[in-house]
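Just so you know, these numbers use all the heavy atoms, side chains as well, and skip hydrogens, waters and symmetry mates. Since the structure is predicted, the reported quantities are computational estimates derived from the model, not experimental observations. In what follows, every chain begins at residue 1, and chains take the letters A, B, ... in the order their sequences are listed.
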Number of protein chains: 2
Amino acid sequence: MLGEPIRDRRSERHEGTKAEILEVAWRIAGTEGLAGLTLRDVARAVGMRAPSLYSYFASKHAIYDAMFAQGCREFLQGHDALTFTGDPLTDLKIGMRYFVSFCTDNPVRYQLLYQRTIPGFEPTPETFALSVAGLDRMRRQLAEIGITDEGSLDLLTAVGAGLTAQQISNEPGGTRWTRLVDEAVEMYFAHISERRKASDEP
Amino acid sequence: MLGEPIRDRRSERHEGTKAEILEVAWRIAGTEGLAGLTLRDVARAVGMRAPSLYSYFASKHAIYDAMFAQGCREFLQGHDALTFTGDPLTDLKIGMRYFVSFCTDNPVRYQLLYQRTIPGFEPTPETFALSVAGLDRMRRQLAEIGITDEGSLDLLTAVGAGLTAQQISNEPGGTRWTRLVDEAVEMYFAHISERRKASDEP
DNA sequence: GTCTATATTTGGATAGAC
DNA sequence: GTCTATCCAAATATAGAC
């Protein structure tokens, strides 16, 4: 029956070109800004004219969507690669370091995934599901540590978002805020530990 | 000598129209987004055609610049109106509540002043000086409380920025994060107090 | 000061030849 | 699949009449 799926060289090359287009799109968005991305620029950088891109993506938004999905997958893969210790404080640091690094390593990706700043762009439902999966992963990990109430989760995400936002907007590429991650997590951990003790005792 | 400066009705009306244009610009930016502001829309809303705006502002960037300056002045005026108590923790809460409210009350103003998101827009030097004055005001107030080292300042601004960013991007108009301000300040205050004690004792 | 008319640029998208 | 040619729309800005 020759069950081996026969490699389709044509569609393989097609996928390769799509990947190349996305690569270029990331690079241009990094220099010109996410909103400054134009099909002309992308096409020129891959050695095409703008209309040819439509053989690979149905629209400019489709390119944004593919970038969004790629960013989500990168987050999930990186998170899978983490190894946790079982110690709550340590694991909290590991998780927070990962999130802040993930964001500051690629500000454009951060902007695309976590700020909704492209006018008129909404990820497709399938892509959005990937995004939800990422948030869910984080939430589940925090639940293992014992953080489940909304207020505590929100305070933690605020701390992470704040370090990230300050680093990106005030000193992109630097470490002035990222180096505070461990200290910030200790501060947070002491706070919720204290609160638990207080509500247990009386 | 008739030293009284004679009122110039013409330039008074001119200033009035400029103010009206700015008012409309804020409103449109609020609905269409800061980058979605167009001269056509602004002109129509004040009952003019687009070219007529050039009698009041030299360019679109000049309008952004005037909005930026106005936002800075609002921050300074609001800060002047605060009354502090002399108690460090209380005053820290007052300052933080003010900053977070100032930002979340008007997300567009926040975006214009604290995120650099308009492609190609830079405030003029005079306007930028107003912005620096605002940051300086905050820094001086924190110095009175005894917070002067860079790391502590940065951690505090990260907490404020994080609560603000989360509130604006995840629940604009709500209070899910702003209501955590006092708790966050307590957490921060306990942290730096603890650290001071630790570095004093040994 | 305000208008109409227009220049200019830019960028997404489509038609149709090859 | 890629190209040229073109369309269409939006938006800033200027010229010059009134």
Between [N] ([atom2]) and [X] ([atom1]): distance, integer Å:
X      : N      : atom1 : atom2 : value
A:K60  : D:dA9  : NZ    : P     : 18 Å
A:Y54  : C:dG12 : OH    : P     : 7 Å
B:I118 : D:dT12 : CD1   : C1'   : 15 Å
B:F121 : D:dT12 : CZ    : C1'   : 16 Å
A:D41  : C:dT9  : CG    : C1'   : 14 Å
A:R10  : D:dG1  : CZ    : P     : 7 Å

NA contact type, A:L37, heavy-atom cut-off 4.0 Å: base, sugar-phosphate, or nothing?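 It contacts sugar-phosphate atoms only.
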
Answer with base, sugar-phosphate or nothing: what part of the nucleic acid does A:L53 contact at a heavy-atom distance below 4.0 Å?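 Result for A:L53 = nothing.
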
NZ/NE/NH1/NH2 to OD/OE distance under 4.0 Å, B:R9 and B:E12: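 Between B:E12 and B:R9 there is no salt bridge, as every charged N stays at least 4.0 Å from the carboxylate O atoms.
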
Write down the protein N/O and nucleotide N/O pairs, taken from nucleotides 2-6 of chain D, whose separation is under 3.5 Å; answer none if there are no such pairs.
residue	atom	partner	partner atom	Å
D:dT2	OP1	A:Y56	OH	3.4
D:dT2	OP2	A:Y56	OH	2.6
D:dC3	OP2	A:R49	N	2.8
D:dC3	OP2	A:S52	OG	2.6

Hey, are the side chains of A:L82 and A:H79 touching, using non-hydrogen atoms and a 4.5 Å cut-off?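 Heavy-atom side-chain distance check passes, below 4.5 Å.
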
Just by distance, do the side chain of A:S52 and the backbone of A:M48 share a donor-acceptor pair under 3.5 Å?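 No, A:S52 side chain to A:M48 backbone: no donor-acceptor pair under 3.5 Å.
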
Donor-acceptor pair, A:T175 side chain versus A:T178 backbone, under 3.5 Å?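 Pair absent, no side-chain N/O of A:T175 close to backbone of A:T178.
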
Can you tell me if B:H14 touches the phosphate of C:dG1, counting only side-chain N or O atoms and a distance under 4.0 Å to OP1 or OP2?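 Yes, because at least one side-chain N or O of B:H14 sits under 4.0 Å from OP1 or OP2 of C:dG1.
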
Nearest to the A:T38 side chain among D:dA13, C:dA13, C:dG11, which nucleotide is it?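 My answer, after comparing the listed nucleotides, is C:dG11.
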
Check whether A:F102 forms a cation-pi arrangement with A:R97 (NZ or CZ under 6.0 Å from the six-membered ring centre, at most 45° off the ring normal).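 No, A:R97 and A:F102 do not form such a contact.
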
Can you tell me how the ring of A:Y114 sits relative to the ring of A:F99, calling it parallel under 30°, perpendicular over 60° and tilted otherwise?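 It falls in the perpendicular class, over 60°.
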
